[in-house]
Amino acid sequence: MNAPVSTSMNMREIVARHRALLIAGIGMGLVGAAATLAQPWMLGRLIEAVALDEAIAWPITLIALFFVADAALNAGHAYAIGRAGENIVFDTRRILGGRLLRSQIPHFSRLEHGDVFARTISDTSIACLVIAQALAQVVTSVFMLIGSVVLMARLDWKLLLTTLGCLGLASGAALLLARQVRIAALRNRENVGAYGSGLQRVLGAITTVKASRAEERETEELARLADRARRSGIRVTAFNSLLTPAMNVGTQLSLAVVISWGMARVATGSLSPADLTSFVMYLFYLVSPLVMLFMSIGQIQQGRAAIQRVTELGTIPQEESEESEESEGSHGPKAKAQVKAQVQVKVKAQAQGEPDETAPAVAFDGVSFSYHGDAPVLRDVSFSLPRRGLTAIVGPSGAGKTTTFQLIERFQRPDAGTVRVAGQDIAELPLARLRSLVGYVEQDAPLLRGTIGQNLTYANPGADAADIARALRLASLDEFVAELPEGLDTELGERGAGLSGGQRQRLAIARTLLQRPEVILLDEVTAHLDSDTEAALRDAMAEAANECAVLAIAHRLSTIRQADRIIVLEEGRVRAIGTHQELIGSDEVYRRLASQQFSAEDALA
């Protein structure tokens, strides 16, 4: 059995995949910085050559070459670092998207989906681009700072000490501001995520909002969340805006001191005009990377806040260890060999896991389950389903009906007992194999934006025309699709907009039939349908029951009276099993459920 995966997404490994491009970009940046540092020195030598009436062609040529090299290397540096950053963003989103899709349902359901979108889209961009670009900027800025200090020391160490004293005070203030930037940025990312969650909440129920005349209230609530994000964003901007002025104060003070003292020393002959000119240029060269350094530190603080949020999301526990490893492993030969071996093992396991035609389609053996350690939802449940036919589960609300489906699909795992599908313990089956054996049609039959054909073949993209026609016929959709001007190419809106509720349900059933499962789970698919649509759906259920086992949850007893047998659940236990006629005569709970929907004569018929 594969243990659930709970290891976090490793950002260091993702960055390491693009190490070569990052190193190349940083290397070009360092060489470009060296070319920049050479320019003031060469300019000083040019001034000396002019003062001594020497040839100036060679110094001018060298300065021009350094200018061109500086420009070319800086362009290459910016391109390489930018490309590496985009690659890191891509890898992070690819891996994070895979982890979310493979996450364990109990953990995923506790997330705020709007916040998930914010972390996956904006936080990944901020984290990866800022880290790639800001870290590269830190390296080149530190090199420029060290180089400038060394060359300034060679020119005049007294002026250098004065300069560093002035800049040191400004640097201390900038460090304090950078820390505040990180704190404010983290709060801002949280507020942006909260706004995304609020927006998704109302857009996901927009018809309810309109029908309840709640547009104004929800607009005000969204405005409140947006205002929180705005105010925290302004706070980030405020701290960022103070970084450069803090450094400018130190720059202006040091420049005033250097020029006034330097000119006095030139007048006395203790400092040459050429050295003073070079020193002032290095002062500007020192300040520029120093400002960039602190700006980069501020950006990194924001990036750290985003990385923290992305990493937190990346810790969501996974369903299958081998699937995560295939998604997150590096692209090296060793990793590819491991993936190949894992695939071979998986194929072998699937080959050995062919359905046992003599075994029940589904069997529960002493199954108990509770959510998060609360009171048990299922208590020692045992039952089995034949390989063909329709079995219905009924019972009062909270009896554990939907939980049985969750356990069969392995969205949840039982606390005790065994669940088998086609004679195989589902705990030992590869997850992909299990879900190929079990088809699941949810109550609201969610469909995806796209065409009818894309939704139909979603679980079996390689289905041929004959299989598609068969699935449409079994679901009583063949005539409806044939009458559409664009047929299977008809575009649907969000969640299947453009189809009626019954058509969406039948399309979901057809999609499930197309994967040819051993078992189909129908979760209250007729709960909100009119009588004509319900009748058509009952026919589709009956057709499907001729092909495989169908297990249906239904509150409408008119739907499940045709069932071959019925399982009655109450307070997490199997109370009775039988046909409609048998249960009407023998089980009080079933009789009560029936009488709530029918007259006494109809219910007892």
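Values below: all heavy atoms of this structure, side chains included; hydrogens, waters and symmetry mates excluded.
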Item to complete: Take I509 and T512, measure what side chain to side chain contact (heavy atoms under 4.5 Å, CB included) needs, and give me the verdict at the end.
Response: CA-CA 5 Å; I509 291 176; T512 302; 5.6 Å; no
Closest approach of [X] to [Y] (non-hydrogen atoms, all atoms of both residues):
{"X": "F364", "Y": "T404", "result": "CZ-O, 3.7 Å"}
{"X": "E190", "Y": "R309", "result": "CA-NH1, 3.6 Å"}
{"X": "L390", "Y": "Q562", "result": "CD2-CG, 4.0 Å"}
{"X": "L437", "Y": "P517", "result": "O-CB, 3.4 Å"}
{"X": "E215", "Y": "T219", "result": "O-OG1, 2.6 Å"}
{"X": "P386", "Y": "T391", "result": "CD-OG1, 4.2 Å"}

Spacing of [X] atom [atom1] and [Y] atom [atom2] [to the nearest 0.5 Å]:
{"X": "E218", "Y": "E220", "atom1": "CD", "atom2": "CD", "result": "10.0 Å"}
{"X": "R470", "Y": "D478", "atom1": "CZ", "atom2": "CG", "result": "13.0 Å"}
{"X": "D523", "Y": "I553", "atom1": "CG", "atom2": "CD1", "result": "4.0 Å"}
{"X": "L488", "Y": "T490", "atom1": "CG", "atom2": "OG1", "result": "7.5 Å"}
{"X": "L477", "Y": "I452", "atom1": "CG", "atom2": "CD1", "result": "8.0 Å"}
{"X": "L407", "Y": "T418", "atom1": "CG", "atom2": "OG1", "result": "11.5 Å"}

Can any side-chain N or O of [X] pair as donor or acceptor with the backbone N or O of [Y] at less than 3.5 Å?
{"X": "K401", "Y": "A552", "value": "no"}
{"X": "R99", "Y": "T315", "value": "no"}
{"X": "N460", "Y": "L514", "value": "yes"}
{"X": "D365", "Y": "V419", "value": "no"}
{"X": "T124", "Y": "V89", "value": "no"}
{"X": "R410", "Y": "L429", "value": "yes"}
{"X": "R379", "Y": "E571", "value": "yes"}
{"X": "R420", "Y": "D425", "value": "no"}

Practice prompt. Might you work through the side chain to side chain contact (heavy atoms under 4.5 Å, CB included) test for S103 and Q318, ending with a clear yes or no?
Written response: CA-CA 4 Å; S103 61; Q318 304 288 280; 4.2 Å; yes
With a 4.5 Å limit on heavy-atom distance, are the side chains of [X] and [Y] in contact?
{"X": "V519", "Y": "I408", "answer": "no"}
{"X": "Y590", "Y": "R575", "answer": "no"}
{"X": "F369", "Y": "V381", "answer": "no"}
{"X": "D464", "Y": "D467", "answer": "yes"}
{"X": "V394", "Y": "L583", "answer": "no"}
{"X": "V438", "Y": "I426", "answer": "no"}
{"X": "Y440", "Y": "R435", "answer": "no"}
{"X": "V481", "Y": "L456", "answer": "no"}

Worksheet entry | salt bridge (Lys or Arg N to Asp or Glu O under 4.0 Å) between D91 and R94, worked out | CA-CA 5 Å; D91 274 355; R94 176 180 60 84; 3.6 Å; yes
Item to complete: Check step by step if side chain to side chain donor-acceptor pair (under 3.5 Å) holds for S232 and R187.
Response: CA-CA 7 Å; S232 60; R187 177 62 58 85; over 6 Å; no
Worksheet item: Stepwise, does the side chain to side chain contact (heavy atoms under 4.5 Å, CB included) test hold for V367 with D380?
Response: CA-CA 5 Å; V367 173; D380 194 28; over 6 Å; no
Worksheet item: Between R224 and D227, is the closest basic N to carboxylate O distance under 4.0 Å?
Response: no
Worksheet item: Is any NZ, NE, NH1 or NH2 atom of the basic residue among D564 and R388 found under 4.0 Å from an Asp or Glu carboxylate oxygen of the other?
Response: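 No, this pair does not count.
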Worksheet item: Are more than 12 heavy atoms from other residues, nucleotides or ligands located less than 6.0 Å from atom CZ of F108?
Response: yes
Discussion item. Check this for me: E588, atom CD, are more than 12 non-hydrogen atoms of other residues, nucleotides or ligands nearer than 6.0 Å?
Written reply: no
Item to complete: Sort out for me which residue in V310, L96, T92 forms a side-chain contact (heavy atoms from CB on, under 4.5 Å) with D123.
Response: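 Result: among V310, L96, T92, V310 is the only option passing the side-chain contact (heavy atoms from CB on, under 4.5 Å) with D123.
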